[in-house]
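Just so you know, these numbers come straight off a predicted model, no measurement behind them.
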Amino acid sequence: MDAKKMEAGIRLFLEGIGQRFDGDDLDKTPLRVAKAWVDDLVSGYTTDPVAELTYVASPPVCGPVLAKDIRFSSVCVHHLLPFTGFAHVAYLPADRLAGLSKLGRVVDALSRRLQIQEHLTGLIAATLQTALAPQAVLVVLDAEHTCMTLRGVRKEGSRLV
């Protein structure tokens, strides 16, 4: 990622809405915003989600594994506005059993990118399929989108599942 280009773009954006950089606290805003995007909001581009999903051999008899209520945040590719919610990730192991914290790491690595929720759901499932080769995978995301609550129809509390 090119944080300098991001900083310059944010400065242009702020100038575009009429902001002036005359010694007040706004001078450092472009740098702070670029850092927030690089370090947090789109940090998933620097992480390989398959590498995050380490595993051990599963026991001979193993039932389904479900990790629910994994908090996540992402950014809508259409409006660059955040959406946040919970991921529920389940799989039926074949030969590989993932560490439970690894499921949360996969969700984080993939959610910290620009996308739509439907794509994120598929990416998480595909990553589990690739890394674990389970008998079955199920991923459900439940999120509130600020592109629907803060703009447009402005339906606060509505969720996409």
Side-chain angles (χ1 to χ4, degrees), residues 1-3 5-7 9-10 12-14 16-17 29-55 58 62-94 96-161:
M1 285 186 272
D2 189 335
K5 278 188 180 179
M6 294 169 77
E7 183 180 348
I10 293 157
L12 286 173
F13 172 82
L14 291 170
I17 61 173
T29 296
L31 174 63
R32 283 192 296 264
V33 172
K35 185 170 174 35
W37 280 85
V38 168
D39 292 349
D40 293 310
L41 298 172
V42 292
S43 61
Y45 288 113
T46 62
T47 305
D48 176 1
V50 173
E52 292 293 319
L53 199 51
T54 58
Y55 55 85
S58 64
C62 189
V65 175
L66 168 63
K68 63 180 211 154
D69 298 331
I70 302 168
R71 288 188 180 271
F72 76 91
S73 299
S74 195
V75 178
C76 168
V77 70
H78 298 141
H79 302 101
L80 297 185
L81 291 172
F83 61 96
T84 61
F86 296 94
H88 314 290
V89 179
Y91 70 100
L92 184 57
R96 300 172 183 167
L97 189 63
L100 293 179
S101 69
K102 305 307 182 185
L103 299 174
R105 290 178 187 271
V106 168
V107 170
D108 279 348
L110 292 168
S111 66
R112 298 296 179 151
R113 300 174 183 199
L114 302 179
Q115 68 214 319
I116 62 172
Q117 182 173 331
E118 298 87 341
H119 186 113
L120 176 57
T121 304
L123 287 173
I124 295 168
T127 300
L128 266 67
Q129 192 66 48
T130 298
L132 300 178
Q135 297 177 60
V137 173
L138 176 66
V139 177
V140 176
L141 300 182
D142 178 347
E144 183 172 311
H145 293 249
T146 57
C147 58
M148 188 171 165
T149 61
L150 297 178
R151 57 160 301 282
V153 297
R154 294 188 176 131
K155 297 297 179 192
E156 291 185 26
S158 60
R159 305 187 65 80
L160 175 64
V161 178

So does [Y] get a backbone contact from the side chain of [X], meaning a donor-acceptor N/O pair under 3.5 Å?
X      : Y      : value
Thr127 : Val50  : no
His88  : Asp69  : yes
Thr121 : Val139 : no

For residues [X] and [Y], report the shortest heavy-atom separation together with the two atoms involved.
X      : Y      : result
Leu92  : Pro134 : O-CB, 3.3 Å
Ala109 : Thr47  : CB-CG2, 3.6 Å
Ile70  : Gly104 : CG2-CA, 4.0 Å
Ala3   : Ala34  : O-CB, 3.8 Å
Arg96  : Thr130 : NH1-O, 4.1 Å
Pro30  : Glu7   : CB-O, 3.5 Å

Indicate yes or no: at least one non-hydrogen side-chain atom of [X] is less than 4.5 angstrom from one of [Y].
X      : Y      : answer
Val89  : Val106 : no
Val107 : Leu141 : no
Leu132 : Pro93  : no
Thr84  : Ser73  : yes
Gln115 : Leu123 : yes
Leu103 : Tyr91  : yes

Measuring from atom [atom1] of [X] to atom [atom2] of [Y], what distance do you get when rounded to the nearest 0.5 angstrom?
X      : Y      : atom1 : atom2 : result
Ile124 : His119 : CD1   : NE2   : 10.5 Å
Asp142 : Lys68  : CG    : NZ    : 11.5 Å
Tyr45  : Met1   : OH    : CE    : 8.5 Å
Thr54  : Leu97  : OG1   : CG    : 10.5 Å
Lys5   : Ile10  : NZ    : CD1   : 14.0 Å

(request) Establish, from distance only, whether the side-chain atoms of Ser74 and Gln117 form a donor-acceptor pair under 3.5 Å. (result)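 Absent: no donor and acceptor within the cut-off.
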
(message) What verdict does the side-chain contact (heavy atoms from CB on, under 4.5 Å) test give for Phe83 and Leu160, after you've listed the backbone C-alpha separation in whole Å, the side-chain angles of each residue and the deciding distance to 0.1 Å?
(response) CA-CA 10 Å; Phe83 61 96; Leu160 175 64; over 6 Å; no

(request) Please list, chain by chain and in numerical order, all residues satisfying salt bridge (Lys or Arg N to Asp or Glu O under 4.0 Å) with Arg32, sequence neighbours excluded. (result)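 If we apply the salt bridge (Lys or Arg N to Asp or Glu O under 4.0 Å) test to Arg32, skipping adjacent residues, the hits are Asp25.
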
(message) Walk me through whether Leu138 and Leu66 qualify under side-chain contact (heavy atoms from CB on, under 4.5 Å).
(response) CA-CA 9 Å; Leu138 176 66; Leu66 168 63; over 6 Å; no

(request) Any pair with a residue in residues 101-111 that passes side-chain hydrogen bond (donor to acceptor under 3.5 Å, both in side chains), sequence neighbours left out, goes on the list, sorted by first then second residue, please. (result)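 Every candidate side-chain hydrogen bond (donor to acceptor under 3.5 Å, both in side chains) pair involving residues 101-111 fails, so no pair, neighbours aside, qualifies.
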
(message) For the CD1 atom on Ile116, are there more than 12 heavy atoms of other groups (residues, nucleotides or ligands in this structure) within a distance under 6.0 Å?
(response)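 Yes, the 6.0 Å shell around CD1 holds more than 12 heavy atoms from other groups.
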
(request) Assess whether atom CZ of Phe13 is packed by more than 12 heavy atoms of other residues, nucleotides or ligands within 6.0 Å. (result)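 Open.
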
(message) Enumerate the salt bridge (Lys or Arg N to Asp or Glu O under 4.0 Å) contacts for residues 109-134, please, sequence neighbours excluded, ordered by first and then second residue.
(response)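 Listed once each, the pairs would be none.
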
(request) Could you please spell out the steps behind the side-chain contact (heavy atoms from CB on, under 4.5 Å) verdict for Met148 and Ser158? (result) CA-CA 8 Å; Met148 188 171 165; Ser158 60; 3.4 Å; yes

